[in-house]
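These notes are about the structure you will find just below.
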Amino acid sequence: MMRRASIPLRIGKVTIGGKAPIAVQSMAKTDTQDIQATINQIKELEECGCEIVRLAVPNKEAAKSISAIKKSVSLPLVADIHFDYRLALAVLEAGVDGLRLNPGNIRDREQIAKIVVAAKEKEIPIRIGVNAGSLPPDFEPDTPLAERMVDMAVEQTRFMESLDFNLIKVSLKAFDVPTTIKAYQMIADKIPYPLHLGITEAGLPQAGAIRSAIGIGILLYQGIGDTIRISLTTHPCEEVSAAYEILKSLGLRQRGPTLVSCPSCGRAEVDVIKLAEAVNDHLRKITQPIKVAVMGCVVNGPGEAKDADVGIACGKDKGAIFRKGKIIGTVSEENFLAALIAEINKEL
Ligand code: SF4
């Protein structure tokens, strides 16, 4: 997998682009004016592996909250700004680590220039965050959507470059997966800056994670993308978990356990689904990378999961515990979970 070359930049302590690992982002779902609730959620996000958090800044009060929030958290904060350039200036003063501007709703060049000058002085990166849903209707109305998104991002990029500013990151998000893929593929060769990938408003956890995995996964496999956010209608830690599953599936990041579990079939003589769910609940508490297999029968179990660190292949009333595909012992059915957990703990 050859990764697209991009100019690295730093958002707080995190490097985005270049050879840096693909960074995982999310967005707080609290009211930014509720300082304590927002701090609590950022801390939760940090614990579940999020590396950069975006906060909505819809008004002056939210902008004012940023400095207090910033003092109590260690994750880099990106302020999400729409419509009012003065909010961007306020959060820069408040010490934010990055800005996200929507070029679809801040169109005045003088206002954009004021933000860029202030960001340049503080060396704060700006994400040009194009969203399909907020393109101005009069912007290239006869051009296909993916091209319109790219043209808007490139136009904004060139304007920022003309102000001698290059701490730029770009995103081109749409709900439609093929449109999103096409837009990112098109811009990948046009600009040298890091790309933040996402499928916007992807939906509830299952459908949203699948949509995101297809869109983001295809791009990452093509070497496109430096940071990702999975937009799901649920707690943001679920977004982070889905992001790592995508990155782990492509071998791009390792964090936390990977569960290999068979789907079960008529050959299984135990409730594989129940056992796999119980093992998964236990694995949620672990942050080290470990591959664990739960297989419904001994016929295919160890062989199919031979690269798992530990696993169980269940049979009638008893199960074979294996490591790296080799059976190391058998346990009775009532001890399946406990035995597997004991083996997992030995590996950590
Ligand atoms: Fe069926 Fe065994 Fe395969 Fe599970 S591992 S799906 S029980 S054949």
Side-chain angles (χ1 to χ4, degrees), residues 6-7 9-12 14 16-17 23 25-28 32 52-60 62-63 65-66 70 76-136 138-140 148-174 180 183-184 187 190-198 200-201 226-229 231:
S6 63
I7 301 171
L9 55 77
R10 282 181 76 80
I11 301 191
V14 178
I16 304 283
Q25 306 201 22
S26 185
M27 189 161 179
T32 309
I52 296 171
V53 183
R54 186 157 46 113
L55 303 178
V57 181
N59 51 43
K60 272 195 251 173
S65 305
I66 295 284
K70 177 81 185 141
L77 301 182
V78 174
D80 196 56
I81 307 291
H82 298 261
F83 304 110
D84 188 346
Y85 79 103
R86 292 167 299 183
L87 296 174
L89 299 179
V91 294
L92 284 169
E93 278 308 310
V96 84
D97 300 292
L99 286 178
R100 180 273 167 123
L101 301 182
N102 184 337
N105 58 37
I106 302 181
R107 301 290 296 144
D108 185 304
R109 290 209 158 183
E110 274 184 31
Q111 295 178 357
I112 298 165
K114 282 182 184 162
I115 302 171
V116 169
V117 167
K120 189 178 171 196
E121 201 181 294
K122 294 183 182 299
E123 296 184 41
I124 297 298
I126 297 176
R127 166 152 72 94
I128 299 172
V130 175
N131 258 66
S134 54
L135 287 173
D138 61 349
F139 182 80
E140 302 179 358
R148 287 176 74 210
M149 292 164 66
V150 171
D151 289 350
M152 170 132 297
V154 171
E155 179 194 279
Q156 189 83 294
T157 302
R158 301 290 176 243
F159 180 60
M160 290 189 185
E161 288 172 336
S162 75
L163 300 169
D164 195 25
F165 184 80
N166 59 11
L167 295 174
I168 297 170
K169 187 171 53 141
V170 169
S171 64
L172 302 165
K173 298 186 184 181
T180 309
Y184 278 107
I187 207 162
K190 290 184 193 286
I191 58 168
Y193 304 111
L195 295 175
H196 170 67
L197 305 184
T200 199
E201 292 114 23
D226 302 284
T227 171
I228 64 174
R229 187 250 172 137
S231 302

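None of the values given here were measured: they were computed from a predicted structure.
Between the side chain of Asp108 and the main chain of Glu110, a donor-acceptor pair closer than 3.5 Å is present.
With sequence neighbours excluded, the residues forming a side-chain hydrogen bond (donor to acceptor under 3.5 Å, both in side chains) with Asn105 are His82, listed by chain and number. For Glu140, the side-chain contact (heavy atoms from CB on, under 4.5 Å) criterion is met by Thr143, Arg148, Asp151, not counting sequence neighbours.
Look at Glu93 and Lys122 and you find a salt bridge, because one of the NZ, NE, NH1 or NH2 atoms lies within 4.0 Å of a carboxylate O, short of that distance. Of the charged side-chain nitrogens involved, none lies within less than 4.0 Å of a carboxylate oxygen, so that Arg10 and Asp97 do not count as a salt-bridged pair.
Residues Lys173 and Met149 approach most closely at O-CE, 3.5 Å, considering heavy atoms.
Of the candidates Arg127, Lys169, Glu161, Glu161 is the only one forming a side chain to side chain donor-acceptor pair (under 3.5 Å) with Tyr193. Among Leu167, Leu92, Ile115, Val78, the one residue that satisfies the side-chain contact (heavy atoms from CB on, under 4.5 Å) test with Ile124 is Leu92.
Atom CD in Glu123 sits 11.5 Å away from atom CG in Leu9 (nearest 0.5 Å). Interatomic distance, Ile81 CD1 to Ile106 CD1, rounded to the nearest 0.5 Å: 7.0 Å. The line from OH of Tyr184 to NE2 of His196 is 6.5 Å long, rounded to the nearest 0.5 Å.
Looking at Leu55 and Val91, their side chains never come closer than 4.5 Å, going by heavy atoms from C-beta outward.
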